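Here is the structure we will look at, set down as structure tokens.
Keep in mind it's a predicted model, so treat the numbers as computed, not measured. Counting from 1, the numbers follow the sequence of the chain as shown.
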Amino acid sequence: MFGQITGQRLQLAKMYIANYMLALEEQAGALDLNHSIRNLNSEFKLVEPAQESAFVQDITYFYDAIKNQQVSVVDRGAYWKFKAMSFLEAKNELARELNALRT
């Protein structure tokens, strides 16, 4: 491999592939996900053959999550406010908001 994608970029790459699979399914009407991901890997050599089954499973998880999502929009300003906080600040803010919902 020329270079490696890891961490959050790897998650994004898997999500992009899952979105591509959803687009293929929408266009074709049906899709053999396992076969399509394996063909994609054969063409682009994304992972080694020994990792292909795990790769298919990972993409399938993203595919299922995207296909079954129920929330189609979040507030942009609130999201960036959340992203601007440290992990601990965000967790404390989330706890405050959840506790406020209880009352």
Which ILVMFWY residues are connected to I5, directly or by a chain of links, through side-chain heavy atoms under 4.5 Å apart?
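L10, listed by chain and number.
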
Who else is in the cluster with V73 when I, L, V, M, F, W and Y are joined by side-chain contacts under 4.5 Å?
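Joined to V73, directly or through intermediates: none.
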
Which heavy atom in I66 sits nearest to a heavy atom in A18, and how many Å separate them?
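Heavy atoms of I66 and A18 come nearest at CD1-CB, 4.0 Å.
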
Strictly by side chain to side chain donor-acceptor pair (under 3.5 Å), give each pair with a member in residues 17-27 just once, sequence neighbours left out.
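Listed by first then second residue: E25-Y63, E25-K67.
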
Side chain to side chain donor-acceptor pair (under 3.5 Å) contacts touching residues 72-87 (sequence neighbours left out):
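Every pair satisfying side chain to side chain donor-acceptor pair (under 3.5 Å) with a residue in residues 72-87: S86-E89.
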
Does [X] have any side-chain hydrogen bond (donor to acceptor under 3.5 Å, both in side chains) partners at least two apart in sequence or in another chain, and if so, which?
X   : result
S42 : none
R9  : none
D32 : none
Q57 : Y61

Is there a path of hydrophobic side-chain contacts, each under 4.5 Å between heavy atoms, that joins L94 and L88?
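No, because L94 and L88 fall into different hydrophobic clusters, even though each may have its own neighbours under 4.5 Å.
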
Membership question, hydrophobic clusters at under 4.5 Å side-chain separation (ILVMFWY): are F44 and L24 in the same one?
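Same hydrophobic cluster.
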
Are any side-chain N or O atoms of N41 and backbone N or O atoms of V47, one a donor and one an acceptor, separated by less than 3.5 Å?
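Yes, N41 side chain to V47 backbone: donor-acceptor pair under 3.5 Å.
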
Applying side chain to side chain contact (heavy atoms under 4.5 Å, CB included), can you list everything that pairs with N39, at least two apart in sequence or on another chain?
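By the side chain to side chain contact (heavy atoms under 4.5 Å, CB included) rule, N39 matches H35.
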
Does T60 have any side chain to side chain contact (heavy atoms under 4.5 Å, CB included) partners at least two apart in sequence or in another chain, and if so, which?
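Applying side chain to side chain contact (heavy atoms under 4.5 Å, CB included) to T60 gives L33, I37, V56, D64.
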
Can you measure from [atom1] ([X]) to [atom2] ([Y]) and round to the nearest 0.5 angstrom?
X   : Y   : atom1 : atom2 : answer
I59 : K14 : CD1   : NZ    : 6.5 Å
M15 : L22 : CE    : CG    : 11.5 Å
Q11 : T6  : CD    : OG1   : 10.0 Å

Student check: side-chain heavy atoms of F55 and L46 closer than 4.5 Å:
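F55 reaches L46 side chain to side chain.
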
Are the side chains of S53 and R38 in contact, using a 4.5 Å heavy-atom criterion?
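SC-SC contact between R38 and S53 confirmed.
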
Salt bridge (charged side-chain N to carboxylate O under 4.0 Å, His left out) contacts in which one or both residues fall within residues 90-99, not counting sequence neighbours:
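For residues 90-99: E93-R96.
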
